[in-house]
Amino acid sequence: MAATEQTVEQVRAVTEQKYKYGFTTEIESDLAPKGLNEDIVRFISAKKGEPEWLLEWRLQAYRHWLTMEEPTWAMVDFPKIDYQDSHYYAAPKAAKDKPKSLDEVDPELLATYEKLGIPLKEQAILAGVEGAGDMPAVAVDAVFDSVSVATTFKKKLEEKGIIFCSISEAVREHPELVRKYMGSVVPYSDNYYATLNCAVFTDGSFVYIPKGVRCPMELSTYFRINASNTGQFERTLIIADEGSYVSYLEGCTAPMRDENQLHAAVVELVAMDDATIKYSTVQNWYPGDENGKGGIYNFVTKRGACRGKNSKISWTQVETGSAITWKYPSCILQGDNSVGEFYSVAITNNYQQADTGTKMIHIGKNTRSTIVAKGISAGKAQSTYRGLVRILPKAEGARNYTQCDSLLIGDKCGAHTVPYIESRNRTARVEHEATTAKISEDQLFYCRARGLSEEDAVGLIVNGFCREVLKELPMEFAVEAQKLVAISLEGSVG
Amino acid sequence: MLEIRNLHATVDGKEILKGINLTINPGEVHAIMGPNGSGKSTLSYVLSGRDGYEVTEGSVTFQGKDLLAMETEERAAEGVFLAFQYPVEIPGVSNTTFLKTALNAVRKHKGLPELDAMQFLKLIRAKAKALNMNDDMIKRAVNVGFSGGEKKRNDILQMAMLEPSFAILDETDSGLDIDALKLVADGVNSLRSPERSMLVITHYQRLLSYIVPDHVHVLAYGKIVRSGGKELALELEAKGYAEFGSPEAA
């Protein structure tokens, strides 16, 4: 064999092998190389030991993503993201020896949770996982940089037939459910960021509530972005079967970071006949400093399908973090008499930008939706409510009520409301109310004349402004959320 | 208690107070009367430290301390209370939350332990009952949907809770019918004590029939032009403020 032929053969062998297995030699590593291509997608899938159908789905999404363009319609402004300059997979060092119980969890990790201010009650729950004890009010599935490291109370939930685990585990243990529902609410081709998520998602939570079961505790995920320069692509799937009920809490915090970090999560909810899903979020990611440097880009697709009659999906969100928020938790009201709700508080300070709202798509008869959105802008921040209420021709008797209130603090911030209403049924009733106000000097003076500091006064006034939304949060979250509202506006006056 | 010396103050560069002198001893109730635009409300805002009211000359000493050097909230914590002419609405914030936050801020300043929810509720219920205010009123958002009389009573409730040593009542009678006025005056009178002083600002003698002052002062165009006992109020009611001249003359 001639030397050149030999070389060609070798090169082909190497390249083919690489194409087939991706970064096989690096599969033990905890960090994918920087950049995004089909090999990275294969790497992630291989790393997670996924079945062929899922890899194909990821690749299909990736190839579609290549044909898409970043959306530019939102009222947010940021430098172009270099998608090749990120790592798309990062795992904590101990990932391959996944702990069997919390005793085996890295104490540093638990210390991190403590620093994040995960409340004592959850800490106690984490600590008490070995002992039987009473059934706690909250179960925590902790996701640390893309890999779920601890799932608590699974057994107690299992007794009721509830599945609450990481999505990777669900892919292994309950592939039929994942295959049936994943992508059924947010298809792989949905939008630029969701499609990217389909290709490279690393982990997230999976919940299945069987027929007629009322989940006995709030399910909760705390996750954070830890390693520098890693995109976070969470994927959550919650299915509430006929007549079931679940309340799910999602809380997020992130440490100080200089570089912008991309977070593009996808959350899909499916509610069957007479089922109810309540999904609450408190988002407190790093918003960047007071000069607008750093901060998380939070480009999230959240959507719920009320597939069954009399089903209900309720979104509650308190968004105080992130440099940029691009997020529209939505409801597809397909089943007759189904109900969609969206309660939102979005606080922007300094140079934060938020473009958030909801979509309520009324398909079934007598479907009802309620939207209450509170936007607070301070500093040089820009806050936009963007919402769509669409009534399709068969949605006889559909009703929507929308209320959008904006509160401005200072004179350099902005608040914008962009409601889209499309009704194609004469019997539908759609109401929209909107207000814009400033925190008045009178209110501040009144509070201070009673002994409150200016910051306490702002915290109190803003909490009052948000009350209708905050009262929708489960008790476990409400107190933290109130504090967060006050903290995120520190330094916004005076 | 309170010592005002040669107090000058401007609003938007315009001098409103032009050398006020006033001494208030513990337990005394002083009334300040005067025509519109005489500077009555400006005096109350200057004493409570509102932004935009600039002191250009003079001093105010409160319990031996320089009042003018303090922030608004510090003055409140030290025991200065302003009952507003127009109490402000704070939507979504319940009266109890508002007052608990305020009371605990003041207690903290005084080095007292904060009250927990149960202690606080017990206290506010007792004080509200004395003012003929029901549970519903204390649970509602601060002044939202309150009638004029209810707002004033709510301010007096705050005063009863915060127990200030010096209270300024700014036109507390404005917008009240006679029944509401009596209720508010009863509330104020129940708070009179040898340790507590009050400065009652009003246009009309009417209020002073219910809250009887020890001293009456006439404020006209930025200066106290006459002082006397409670009978001065009756005299003013009969003669009006004409004898004290017009802005141009001052």
Side-chain angles (χ1 to χ4, degrees), chain A residues 318 343-345 347 372-376 403-411 433 435-473 475 478-479 481-483 485-486 489 493-494, chain B residues 44-45 47-53 70-110 112 114 140-144 151 154-155 157-159 161-164 167-168 170:
Chain A
V318 177
Y343 297 97
S344 168
V345 168
I347 298 180
V372 178
K374 306 271 182 180
I376 297 109
Q403 183 190 335
C404 297
D405 299 318
S406 305
L407 188 68
L408 301 168
I409 302 173
D411 55 8
E433 284 182 24
T435 65
T436 303
K438 284 184 77 164
I439 283 196
S440 74
E441 200 268 325
D442 279 349
Q443 284 176 328
L444 281 177
F445 177 62
Y446 192 67
C447 293
R448 292 180 68 198
R450 297 293 176 261
L452 271 65
S453 70
E454 195 158 34
E455 280 185 349
D456 286 350
V458 169
L460 197 71
I461 293 165
V462 173
N463 263 306
F465 175 75
C466 303
R467 210 185 76 89
E468 286 164 276
V469 173
L470 297 179
K471 74 179 169 60
E472 294 295 326
L473 287 174
M475 279 299 283
V479 176
Q482 280 178 23
K483 283 182 192 154
V485 164
L489 287 166
V493 287
Chain B
S44 68
Y45 288 145
L47 292 179
S48 47
R50 186 165 194 158
D51 290 344
Y53 292 77
M70 299 179 203
E71 293 287 341
T72 301
E73 55 269 32
E74 254 182 291
R75 299 181 197 200
E78 285 283 333
V80 175
F81 183 91
L82 171 63
F84 281 63
Q85 184 175 359
Y86 304 107
V88 178
E89 297 182 5
I90 310 178
V93 179
S94 74
N95 251 330
T96 45
T97 305
F98 178 70
L99 259 174
K100 186 164 176 273
T101 314
L103 182 61
N104 280 334
V106 170
R107 287 179 67 90
K108 200 175 161 192
H109 180 87
K110 289 179 177 163
L112 296 168
E114 295 191 6
R140 270 153 63 185
V142 180
N143 295 323
V144 176
K151 282 183 182 175
N154 201 23
D155 250 28
L157 172 67
Q158 294 175 9
M159 178 169 153
M161 291 294 290
L162 297 174
E163 301 185 316
I168 306 160
D170 188 4

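All values below come from the heavy atoms of this structure, side chains included, with hydrogens, waters and symmetry mates left out. All chains are named by letter (A, B, ...) in the order of the sequence lines, taking the proteins before the strands, and each is independently numbered beginning at 1.
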Point to revise | Largest heavy-atom contact set with chain A, pairs under 4.5 Å, which of B:Pro91, B:Gly52, B:Ala77 | key: B:Pro91
Practice item. Against chain A, label B:Leu82 side chain, backbone, both or neither, depending on which of its atoms sit under 4.5 Å from a heavy atom there. Key: both
Point to revise | Separation between OG of B:Ser48 and CZ of A:Arg448, rounded to the nearest 0.5 Å | key: 10.5 Å
Exercise for review: Please look at B:Tyr86 and chain A and tell me whether the side chain, the backbone, both or neither of the residue comes under 4.5 angstrom of a heavy atom of that chain.
Suggested key: neither
Check your understanding: How far apart are the closest heavy atoms of B:Val93 and A:Leu460, and which atoms are they?
Key -> CG2-O, 3.2 Å
Check your understanding: Is there a side chain to side chain contact (heavy atoms under 4.5 Å, CB included) between B:Val142 and A:Gln443 once you walk through the steps?
Key -> CA-CA 11 Å; B:Val142 180; A:Gln443 284 176 328; over 6 Å; no
Review point. After noting the C-alpha distance and the side-chain angles of A:Cys447 and B:Val88, does the key distance pass the side chain to side chain contact (heavy atoms under 4.5 Å, CB included) rule?
Key: CA-CA 9 Å; A:Cys447 293; B:Val88 178; over 6 Å; no
Check your understanding: Between B:Thr101 and A:Leu452, is any pair of side-chain heavy atoms under 4.5 Å apart?
Key -> yes
Practice item. Would you confirm whether A:Arg450, through its side chain, and B:Glu73, through its main-chain N or O, come within 3.5 Å as a donor-acceptor pair? Key: no
Review point. Can you name the nearest heavy-atom pair linking A:Ala449 to B:Ala76, along with the distance?
Key: O-CB, 3.3 Å
Check your understanding: Going through the checks in order, is the side-chain hydrogen bond (donor to acceptor under 3.5 Å, both in side chains) test met by B:Glu89 and A:Tyr446?
Key -> CA-CA 9 Å; B:Glu89 297 182 5; A:Tyr446 192 67; over 6 Å; no
Exercise for review: Starting from the C-alpha separation in whole Å, work towards a yes-or-no answer on ring-ring contact (aromatic ring centres under 6.0 Å, His included) for B:Phe84 and A:Phe445.
Suggested key: CA-CA 11 Å; B:Phe84 281 63; A:Phe445 177 62; 5.5 Å; yes
Point to revise | Structural part of B:Arg50 lying under 4.5 Å from a heavy atom of chain A | key: both
Point to revise | Toward chain B, the part of A:Glu441 with a non-hydrogen atom under 4.5 Å | key: both
Check your understanding: Side chain, backbone, both or neither: which part of B:Pro164 has an atom under 4.5 Å from a heavy atom of chain A?
Key -> neither
